[in-house]
Amino acid sequence: MRTIIDRLVTTTLERLRRDGLFPADTPLHFNVERPRDKTHGDFATNAAMVLAKAARIPPRLLAEKIVAALPADQADVEKCEVAGPGFINFFLSPASLRTIITEIQQLGNRFGHSQIGTGQRVQVEFVSANPTGPMHLGHGRGAVTGDVIARLLQATGFQVEREYYINDAGNQTLQLGRSVLVRYHSLFGEDIPLPDGCYPGEYVREIARALQKQDGDRWLSTPWTDTPPEAVVTFAIDQCLGWIRDDLALLNITFDTWFSERSLHQQGGIRHAIAKLEEQDLVYEGVLEAPKGKQPEEWEARPQRLFRSSSFGDEVDRPLQKSDGSYTYFAADIAYHLHKAERGFDALVNIWGADHGGYIKRVQAALMALTGKKGLLDVRLVQMVNLFRGGQPVRMSKRSGTFVTLREVVEEAGSDAVRFWFLLRSAGASLDFDLELAMAKTNDNPIFYVQYAHARVHSVWRRLQEKGLAVEAGEASNPQLARLTEPAEYDLMRLMSRFPEVVEQAALEKEPHKVPYYLLELAAAFHTYYNGHKILDEDADLRTARLALIRAAALVIANGLTLLGVHAPEQM
RNA sequence: GCGUCCGUAGCUCAAUAGGAUAGAGCAACGGCCUUCUAAGCCGUAGGCUACAGGUUCGAUUCCUGUCGGGCGCGCCA
C-alpha cells in the first residue's frame, strides 16, 4: 500500500521536474509515512517541505502544485490535501482499505512476511553464556531477544544462522573443573573448604555426583590442588551445556551452530588471526598507560603484545597476549569474529549483555582491520532484568544462595509470559519482571490482553458453529465486504495493513519490542470493535463480512505472536 | 577521569530512519453486562520530554555542554 503512494508521488515529481519546476539535477528524496494522527489520513509525504528550497517556492504552495499534478483517476486514493507546514495527506478509499482483508485471507500465515532480505545471509550470535553454571534471567532476556531478532530477519527474507559461542577454553572452565574436583573429593569424605575463585553453587555438587556415578573413584588420586584433568573439565562443561540446552528448549529456542572456542584454539585460529593483523603491521610490543583516574600505585606498567585498535575507532590499543604469553580473551574474540567473516556472512549480529558494552569498539575495530568492511558487525546490548514478586524485589545473591535461575522462573510463569514480558521493553532499557504480574489473568497483564483478543475471535467462531451457520462463513465477497463501513472497522483494517511495515521495521532496526507494542494496539482496536458491534448479526452478508474482518484480525495477532515465539490460544 | 547506555504523566514504559496537537497500561475518579467470553469497553484528569545552547522549514529524536542514574575501564571471561 505504501509503495503505491510512493510511486504515485515519485512519478508526479518526475513530471514536475521535467516541466522545469525544479532543476533537472534535483534528487527526489522524500518520505511516505503513516501519520500519527488519523485525521491526517492514511499516508503523508514530506516531499513539498524537502523540495521547497529546490523549487524556490514556499512548501505549502509547492504542495498545492504537487496535489494538482497528481493523476485524477486513482482508485486507491479518495482524497488528498495539504496540511500543516506542507504535508500532503493521502486518504485511502474504503474499497482500497478493504482489500487488506482479502489479502490476509489469501496470504494466511505468510501475511507480514517480506522479501527485503532475500539473498543475504545473516548470522545472529546470542546467549553464549559461559558453560559454568545455570542460566540466570539476564541470559534469558538475551536469549529471547536474539531469538526474536532471528525470527524477524527470517520473516523478512534473510537467510539466518543462529549461533551459540561456547566459552570452553578459558580460565573459568578450569575453575569449574577444580570446583567439581573439590566437591568430588568431598563426596568421598574429605572435608575441603571451598577455595577462592571456585563456584559455590549446589549444582557443582550435582556435577560431582554425576562424575562419581560415571567414573567411580577414578579421580580420587588426582589432588584437587592440581590443574583439573581435561576429562573432568569437559565433563563439567558438558553437564552445564546440557542444562543450558534444556533451559533454552523450555523457551522454545534452538541453535543451528554451537561453536566451540576450544576448537578455535585447536585449529590455530588465533595464530591465523594474529598473523593476518601482523601482515598489516597492526601488532606491536608496547606498554599501555594507566587509565585516567586510576591511582598510579595500582598500576604496574608491563610490556604486552598489542593490537592497534585505536587506528580503527577504539580509544586505546588492546592486548592480545598476557604477560605469561598466553592469549587474552580478546585475541580469541578476534579470531572468532574473523572466522565468522570468513564464513561469508553478509551481516553479523551479536546480542550481548550490557556489561560487555565496552568491548564493542575493539571487536569492530578488529573486524574492520581484517575485512576492510565497516559495518559488518552490529552488536545489540541487552540490559539487566530485575526480578519482582508482587511488587517486592526478589533479592538475589550468588553467595547467599538465594539465586533464582531462569529455569525456575520459566517453570513458574511459563514460556509465553516470560518471552512476552522480556520483549515488552526496548533492549536498551533495564526491565522489571514481576512473577505475579506476568502470570496474572487480569488486564494489567499485556500478554493476556493480546491472547484474549485472539481467543475471543475463535469463541465467536465456535458460537457460529453452534448455531449451524459455519457453512456460509467462508470467504467474504467484495460486495459483502462493502458492508463494512463503521469507523471501528476501518480502524482495524488500517492497523492490520500496518503489520508488514511493523515487522519490516522491527527486523531492520533489530528492535523486537515494536511487535508486542503493535499487537497491544491491534488487540485494543479489536476489543473496542467487539464491544460495540455484534459480529453475528441477523443480516447474513454483514455477518459474513464482519466474520471475515475479525478472522483476519485473529490471523494477524497469531502471526505476530508466532514471530515472538508465543502461543495464540483459541480458548482461554 | 574516560567510554557506553539511559533520563518522557504519580508509577512502568512507547513515540514509525527529524515530522503535525508527545501516546498507552497501572494507580485515581465517573459510566457500560436480559446481546457473540466484563480476562472486556467508554469517559475525566494527569507533561517546560532532566537542564542550557546549537543544527533547520520542524528536535523526545541529531551535535556540544551541565546535572543525575546503570554498566564497563591493562593479564578475568
Side-chain angles (χ1 to χ4, degrees), chain A residues 31 33-37 39-40 44 46 48-50 52-53 58-59 83-87 89 130 132 167 169-173 175 197 261 287-294 299-302 304 306 314-319 321-330 332-333 353-361 381 383-384 424-426 428-432 434 437 440-446 448-449 451-453 455-457 459-464 466-467 498 501-502 505-506 508-509 513-514 517-518 520-521 524 526-537 550 571-572:
Chain A
N31 286 336
E33 62 195 18
R34 297 270 187 178
R36 234 183 284 231
D37 186 336
T39 64
H40 294 144
N46 62 354
M49 279 132 64
V50 178
K53 209 172 252 181
F87 287 104
N89 295 336
N130 287 341
T132 55
N167 290 114
N171 221 330
Q172 85 285 355
T173 60
Q175 287 297 354
E261 180 188 356
V287 179
L288 284 176
E289 283 177 31
K292 298 251 166 60
K294 190 151 193 166
W299 182 264
E300 190 189 337
R302 292 198 184 97
Q304 287 174 301
L306 302 168
D314 201 1
E315 282 87 44
V316 293
D317 295 338
R318 306 289 178 181
Q321 277 177 315
K322 310 174 192 174
S323 51
D324 65 2
S326 63
Y327 294 114
T328 59
Y329 180 82
F330 177 48
D333 238 10
D355 53 341
H356 288 62
Y359 293 79
I360 298 176
K361 281 184 186 173
L381 294 181
Q383 290 285 341
M384 62 184 303
L424 212 49
R425 298 278 175 274
S426 67
S430 67
L431 177 146
D432 295 341
D434 194 307
L437 195 54
K441 300 188 173 186
T442 61
N443 57 350
D444 40 339
N445 184 357
F448 275 90
Y449 187 80
Q451 288 183 324
Y452 180 43
R456 263 185 156 173
V457 173
S459 170
V460 174
W461 193 253
R462 282 190 297 273
R463 190 90 184 89
L464 182 77
E466 282 168 25
K467 286 187 174 181
R498 262 182 51 204
E501 295 162 28
V502 170
Q505 200 184 359
L508 292 180
E509 295 178 8
H513 74 279
K514 289 178 188 290
Y517 275 97
Y518 167 80
L520 282 167
E521 219 179 316
F526 168 77
H527 286 308
T528 298
Y529 176 57
Y530 178 91
N531 249 270
H533 301 81
K534 188 150 175 79
I535 312 299
L536 300 179
D537 195 87
I550 66 166
Q571 202 163 353
M572 294 179 73

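Each chain gets a letter, A, B and so on, in the order the sequences are listed, and its residues count up from 1.
- Phosphate proximity of B:C42 to A:Thr528: present, with a side-chain N or O under 4.0 Å from OP1 or OP2.
- With B:A38, B:G74, B:G70 as the choices, the nucleotide that has an atom nearest any side-chain atom of A:Leu288 turns out to be B:G74.
- The P atoms of B:C26 and B:A39 are separated by 14 Å, rounded to the nearest whole Å.
- Among the heavy atoms of the strands lying under 4.0 Å from A:His356 is at least one base atom, whether or not backbone atoms are also near.
- The A:Val50 side chain lies nearest to B:G19 when the options are B:A17, B:G70, B:G19.
- Among A:His513, A:Arg498, A:Glu501, the one residue that satisfies the side chain to side chain contact (heavy atoms under 4.5 Å, CB included) test with A:Tyr518 is A:Arg498.
- A distance of about 15 Å separates the P atoms of B:C51 and B:G68, rounded to the whole Å.
- At least one side-chain heavy atom of A:Gln304 sits under 4.5 Å from a side-chain heavy atom of A:Leu288.
- Residue A:Asn531 contributes atom CG, which lies 18 Å from atom P of B:G31 at whole-angstrom precision.
- Applying the Watson-Crick and G-U wobble criteria (two distances, each under 3.5 Å), B:C41 pairs with B:G31.
- Heavy-atom distances to RNA chain B give each of A:Gln571 and A:Gly84 a nearest nucleotide, and the one nearer the 5′ end belongs to A:Gly84.
- Checking side-chain atoms of A:Asn445 against main-chain N and O of A:Leu437 turns up a donor-acceptor pair under 3.5 Å.
- Taken from CD in A:Glu261 to OG1 in A:Thr173, the straight-line distance is 8.0 Å, to the nearest 0.5 Å.
- When heavy atoms are screened at a 4.0 angstrom cut-off, A:Ala83 is found touching base atoms of the nucleic acid.
- Regarding A:Asp537, its CG atom lies at a distance of 14 Å from the P atom of B:C36, rounded to whole Å.
- Residue side chain A:Tyr449 does not reach the base of B:C26 through any donor-acceptor N/O pair under 3.5 Å, judged by distance alone.
- Not a single donor-acceptor pair under 3.5 Å links the side chain of A:His40 to the backbone N or O of A:Ala83.
- A 3.5 Å limit on both hydrogen-bonding distances identifies no Watson-Crick or G-U partner for B:A20.
- Here A:Ala44 lies in heavy-atom contact (under 4.0 Å) with a base.
- A:Phe87 comes within 4.0 angstrom of a nucleotide base, judged by non-hydrogen atoms across all strands.
- Nucleic acid contact class of A:Ser426 (heavy atoms, under 4.0 Å, all strands): sugar-phosphate only.
- Across all strands shown, B:C48 forms no Watson-Crick or G-U wobble pair with both distances under 3.5 Å.
- Taking 90° from 0 as the syn/anti boundary, the base of B:C67 is oriented anti.
- Contacts of A:Pro59 with the nucleic acid, taken as non-hydrogen atoms under 4.0 Å apart, are absent.
- Applying the 4.0 Å criterion to OP1 and OP2 of B:A77, one finds that A:Asn171 has a side-chain N or O inside that range.
- The base of B:A77 is paired with the side chain of A:Tyr359 by a donor and an acceptor separated by under 3.5 Å.
- Dashed line: the shortest gap from a side-chain N or O of A:Arg456 to OP1 or OP2 of B:A38 is under 4.0 Å.
- Both distances falling under 3.5 Å, in either a Watson-Crick or a G-U wobble arrangement, occur for no nucleotide opposite B:A59.
- One atom, CD of A:Gln321, and another, P of B:C76, lie 12 Å apart when rounded to the nearest Å.
- Rounded to whole Å, atom C1' of B:G25 lies 13 Å from atom NE2 of A:His527.
- Atom name C1', nucleotides B:C13 and B:C75: the rounded distance is 42 Å, in whole Å.
- Within the nucleic acid shown, A:Gly170 comes within 4.0 Å of sugar-phosphate atoms alone, with no base atom in reach, counting heavy atoms only.
- By the 4.5 Å heavy-atom criterion applied to side chains, A:Ile550 and A:Tyr530 are not counted as neighbours.
- The CD-C1' distance, from A:Gln304 to B:C75, rounds to 6 Å in whole Å.
- For A:Arg36, a side-chain nitrogen or oxygen approaches OP1 or OP2 of B:A20 to under 4.0 Å.
- Between B:C13 and A:Lys514, no contact under 4.0 Å exists linking OP1 or OP2 to a side-chain N or O.
- For B:A20, its base sits under 3.5 Å from the side chain of A:Asn89 at one donor and acceptor pair at least.
- For the P atom pair drawn from B:C32 and B:G47, the interatomic distance equals 29 Å after rounding to whole Å.
- B:U4 and B:C62 have their P atoms separated by 13 Å, given to the nearest Å.
- B:A9 and B:A22: their C1' atoms are spaced 11 Å apart (whole Å).
- Atom P of B:C5 sits at a distance of 23 Å from the matching atom of B:A52, rounded to the whole Å.
- In this structure, the CD atom of A:Glu33 is 17 Å from the P atom of B:G58, given to the nearest Å.
- Looking at heavy-atom distances under 4.0 Å, A:Glu509 makes contact with sugar-phosphate atoms alone, never a base.
- Proximity of A:Lys322 to the phosphate of B:C76: a side-chain N or O atom is located under 4.0 Å from OP1 or OP2.
- Within 4.0 Å (heavy atoms only), A:Arg34 reaches at least one base atom of the nucleic acid.
- Nearest heavy atom pair, residue A:Phe448 against residue A:Met572, reads CD2-CE, 3.3 Å.
- Using a 4.0 Å heavy-atom distance criterion, A:Pro58 is classed as making no nucleic acid contact.
- Using a 4.0 Å heavy-atom cutoff across all strands shown, A:His40 reaches at least one base atom of the nucleic acid.
- In this pair, A:Tyr359 and A:His356 present their aromatic rings tilted. The plane angle is within the 30 to 60° band.
- Residue A:Lys53 has no polar side-chain atom (N or O) positioned under 4.0 Å from OP1 or OP2 of B:U56.
- Taking atom CZ on A:Arg425 and atom C1' on B:G7, their separation rounds to 15 Å, with Å as the unit.
- Between A:Asn445 atom CG and B:U12 atom P there is a gap of 18 Å when expressed in whole angstrom units.
- The side chain of A:Asp37 sits closest to B:U21 out of B:U21, B:C75, B:C13.
- Nucleotides B:A20 and B:A15, compared at atom C1', are 14 Å apart to the nearest Å.
- In this structure a side-chain-to-backbone donor-acceptor pair under 3.5 Å is present from A:Gln172 to A:Asn167.
- Of the nucleotides present, B:C73 is the one that pairs with B:G1 by Watson-Crick or G-U wobble criteria, both distances under 3.5 Å.
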